[in-house]
J.: 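Below are the structure tokens for one structure; questions will follow.
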Amino acid sequence: MPQTERLQASLPSFSMKELTRLSKELGVDKSTVVQEALSLFSKAALEARQGCRLAFLPRTPQGTVREFSTPLLTHMEQAAQKDPVEIVLPDADFDRVVTRLTKPAKPTAALRALARKQRRR
């Protein structure tokens, strides 16, 4: 038998009602429902990290595929799509960036005042 550990979690009342309802409907204890939910979310998170989405497929080809997401899954999916290594600019914009990097503008009065304020701290 696998070792078990105790978890104490705070849930909104509507989530607790749903957990209780599912537990009764399925004829299992609440721990089993939580374990199943964790297994499902773990797999969904794994797929989201690779840029995939979770969807429910209809029984027939004519049915509608329904996507499911949560804020965390969406964040993981979007993070997987980002490629921070490469930025492509049109030639004119690239030249403008290079010029500003090699010959930066003089600091404004507001920036100089902020720098003085920071030095005093």
Side-chain angles (χ1 to χ4, degrees):
M1 179 179 207
Q3 180 181 351
T4 61
E5 295 187 29
R6 186 148 182 81
L7 169 72
Q8 183 175 344
S10 298
L11 296 173
S13 60
F14 67 88
S15 295
M16 192 62 189
K17 287 177 185 173
E18 183 65 10
L19 178 58
T20 302
R21 185 191 69 73
L22 282 169
S23 174
K24 287 179 182 176
E25 179 183 318
L26 300 170
V28 296
D29 62 10
K30 292 175 184 168
S31 293
T32 302
V33 175
V34 171
Q35 287 173 339
E36 289 287 322
L38 181 58
S39 294
L40 178 61
F41 189 78
S42 179
K43 177 62 175 168
L46 174 71
E47 296 297 332
R49 279 189 213 105
Q50 297 173 8
C52 297
R53 295 181 179 172
L54 180 63
F56 298 98
L57 302 177
R59 292 181 184 183
T60 64
Q62 296 81 17
T64 302
V65 174
R66 292 170 290 174
E67 182 181 346
F68 175 79
S69 191
T70 67
L72 284 175
L73 291 175
T74 300
H75 176 75
M76 285 186 276
E77 177 196 344
Q78 289 172 349
Q81 302 296 331
K82 291 180 183 175
D83 185 4
V85 176
E86 183 178 342
I87 298 174
V88 179
L89 296 173
D91 289 342
D93 292 334
F94 178 81
D95 294 339
R96 196 175 79 222
V97 169
V98 169
T99 300
R100 289 194 179 179
L101 288 173
T102 56
K103 299 176 188 173
K106 294 187 180 199
T108 63
L111 182 59
R112 285 192 305 272
L114 181 61
R116 279 192 302 273
K117 184 179 178 181
Q118 289 296 320
R119 277 192 297 247
R120 289 183 207 139
R121 287 186 176 177

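Predicted, not measured: the structure shown is a model, and the values here were computed from it.
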J.: Is it the case that one hydrophobic cluster holds both L46 and L40, taking links as side-chain heavy atoms less than 4.5 Å apart, direct or via other members?
T.: no
J.: To the nearest 0.5 angstrom, please state how far the CG atom of L89 sits from the CG atom of D95.
T.: 10.0 Å
J.: First locate atom OG of S31, then atom CD of E36, and finally report the distance between them rounded to the nearest 0.5 Å.
T.: 12.0 Å
J.: Around atom CZ of R53, are there more than 12 heavy atoms from other residues, nucleotides or ligands closer than 6.0 Å?
T.: no
J.: Who clusters with L73? Use side-chain heavy atoms, under 4.5 angstrom, across I, L, V, M, F, W and Y, and order the result by chain and number.
T.: F41, L72, M76
J.: Determine whether a donor-acceptor pair (N or O, by modelled atom type, separation under 3.5 Å) exists between the side chain of T20 and the backbone of M16.
T.: yes
J.: Measure the spacing between CD of Q118 and CZ of R116 and express it to the nearest 0.5 Å.
T.: 12.5 Å
J.: If hydrophobic clusters are built by linking Ile, Leu, Val, Met, Phe, Trp and Tyr wherever their side-chain heavy atoms come under 4.5 Å apart, do L11 and V34 end up in the same one?
T.: yes
J.: Enter the distance from R21:CZ to L26:CG here, rounded to the nearest 0.5 Å.
T.: 8.0 Å
J.: R112: what forms a salt bridge (Lys or Arg N to Asp or Glu O under 4.0 Å) with it, not counting sequence neighbours?
T.: none
J.: Less than 4.5 Å apart, any side-chain heavy atom of R96 and any of D93?
T.: yes
J.: The criterion is salt bridge (Lys or Arg N to Asp or Glu O under 4.0 Å); which residues satisfy it with R49, sequence neighbours excluded?
T.: none
J.: Identify the heavy atoms of T99 and T102 that sit nearest to each other, and give their distance.
T.: O-OG1, 3.1 Å
